[in-house]
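Down below is the structure, laid out as structure tokens.
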Amino acid sequence: MSSLPATHRALVLADKSQPLAVQSYVTPSPIHGSAVVEILSAGVVSYQREIYAGAATHAHYSLPTPLVTGMSGIGRIAALGPDATSLQPGQLVFVDCMIRARDDPATAFLLAIHDSGTPGSQKLARNVWRDGTFAEYARVPLENCIPLDEKRLCGELGYEVHDLMYMDYMLVPYGGLRDIGLQPGDAVVISPATGGYGGAAVLVAVAMGARVIAMGRNEAELVRLKKHVLSSSPSAGIETVKMTGDETADAESLKVFGTIDAAIDFTPPKGASSSHVRSIVRAIRKGGRISLMGLNDNPVVPWLVVSKEISLRGKLMYEREDMVYFTKMLEGGLFPSGKHLVDTKVFSLGDWKECLDAAARHTGIGKHVVFSPRSRVHDSSRV
Ligand SMILES: NC(=O)c1ccc[n+]([C@@H]2O[C@H](COP(=O)([O-])OP(=O)(O)OC[C@H]3O[C@@H](n4cnc5c(N)ncnc54)[C@H](OP(=O)(O)O)[C@@H]3O)[C@@H](O)[C@H]2O)c1
């Protein structure tokens, strides 16, 4: 426990008007209710560059500065608070970025990404859980450490830790799909399926035993998506539908595949005016369930929602229980094993600019970008 170094390297955002910088920071020590984790891999999302640069499109992502950047990660427990009862030093864990107030489940925020804007979440983001995982060490709540069976995952199933980090993408659609009660055998539409979270949703829905209809504008990416799924799950039920922008025609294209039970949508703000969610509402069966996870103002078709008794549910991220069940699925071998799961680009903290740029373009099913905070090798040439 006393082996923590006095200082460690961290990728720091001093202020949104300034570029990020790798700095030497005092290593956090474990306090009650926390673990200090040596971060081996930290996932990067496609729009993280815009958030930290204060881009107008992502201005609503408010966060306190200065802070250590980074969201979820995977690492080894380096030190534990005195109230830890089950986690062990050296254990491999997934570090979840969704922080919840212990005295109010309704108060939650995303570590070093978005303080959620309520007095309670802002207090926690500012005073307690400010620093993220783009660092050699991170202090996080005990309950945010989800144990990973290293022998099973890295040994028998052949995953490298950087590839396991793709969990941060796959967990999000899992949260939405569980929230609408997706059942094995259900037919589910995923839209748009060509992006980072939509692509991950395809893999998750297949692993949950559903039949998938993947919608998107980009035909080449839809072809790659289908190939990616079938290469490791040859018997998976997977169809694709190109979005044409014609609401009625796209609904008819969906209906070709029979009864549709559910849908999950990840439309980003720039796609808010797209008609594809209305096409899904037209095509889905009476009593169908739709999970809305894209952060946008896409209007639906109210009278059809009413007359078809469709359930529309918004969902932010996932619950802690979802992470536990998801980890069981991963350890159970329900996803493509080893290198078949994801093509991961790995960067050192010093290559932060190349890393954030790569994350913006290396998106879609089976693609991910991560930091390796312990690495000092400049490896951006791998992208
Ligand atoms: N609810 C949550 O907890 C949660 C968690 C994470 C992310 N999100 C949200 O999920 C959304 C997607 O994130 P992402 O990282 O997956 O984004 P991404 O990788 O950039 O993918 C964006 C997707 O949207 C499609 N798209 C873009 N403009 C479009 C338009 N005008 N019409 C139709 N489709 C369009 C893209 O299709 P093309 O390939 O054709 O460009 C692509 O499939 C964001 O709003 C993000 O904030 C929500």
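Note that ligands are numbered from 1 as they come in the structure, with each ligand's atoms numbered from 1 the same way. When reading the values below, keep in mind they use all heavy atoms of this one structure, side chains included, and skip hydrogens, waters and symmetry mates.
One finds no salt bridge joining Asp261 and Arg289 here, because no Lys/Arg side-chain nitrogen approaches an Asp/Glu carboxylate oxygen to under 4.0 Å. Contact check on Asp357 versus Arg49 returns a salt bridge, with a Lys/Arg side-chain nitrogen under 4.0 Å from an Asp/Glu carboxylate oxygen. For Glu143 and Arg102, the salt-bridge test passes: some basic side-chain N is under 4.0 Å from an acidic carboxylate O.
Considering every non-hydrogen atom in both Val342 and Asp163, the closest pair reads CG1-O, 3.6 Å.
Ring pair Tyr169/His368: centre-to-centre distance below 6.0 Å.
Residue contacts with ligand 1: Gly198 is placed with no nitrogen or oxygen under 3.5 Å of a nitrogen or oxygen of the ligand (distance criterion only). In terms of N/O distances under 3.5 Å, ligand 1 is approached by Met293. At under 3.5 Å, a nitrogen or oxygen of Leu295, whether backbone or side chain, sits near a nitrogen or oxygen of ligand 1. For ligand 1, the polar-atom distance check against Gly195 finds a nitrogen or oxygen pair separated by under 3.5 Å. Taking any N or O of Tyr169, backbone or side chain, none lies under 3.5 Å from an N or O belonging to ligand 1. Checked by distance only, ligand 1 and Met317 come closer than 3.5 Å through their nitrogen or oxygen atoms.
Looking only at protein heavy atoms, the nearest one to atom 36 (C) of ligand 1 is Thr194 OG1, 4.0 Å. In terms of protein heavy atoms, atom 41 (O) of ligand 1 is closest to Arg217 NH2, 2.9 Å.
When the options Phe266, Tyr61, Tyr318, Tyr197 are ranked by their closest heavy atom to atom 15 (O) of ligand 1, first place goes to Tyr197.
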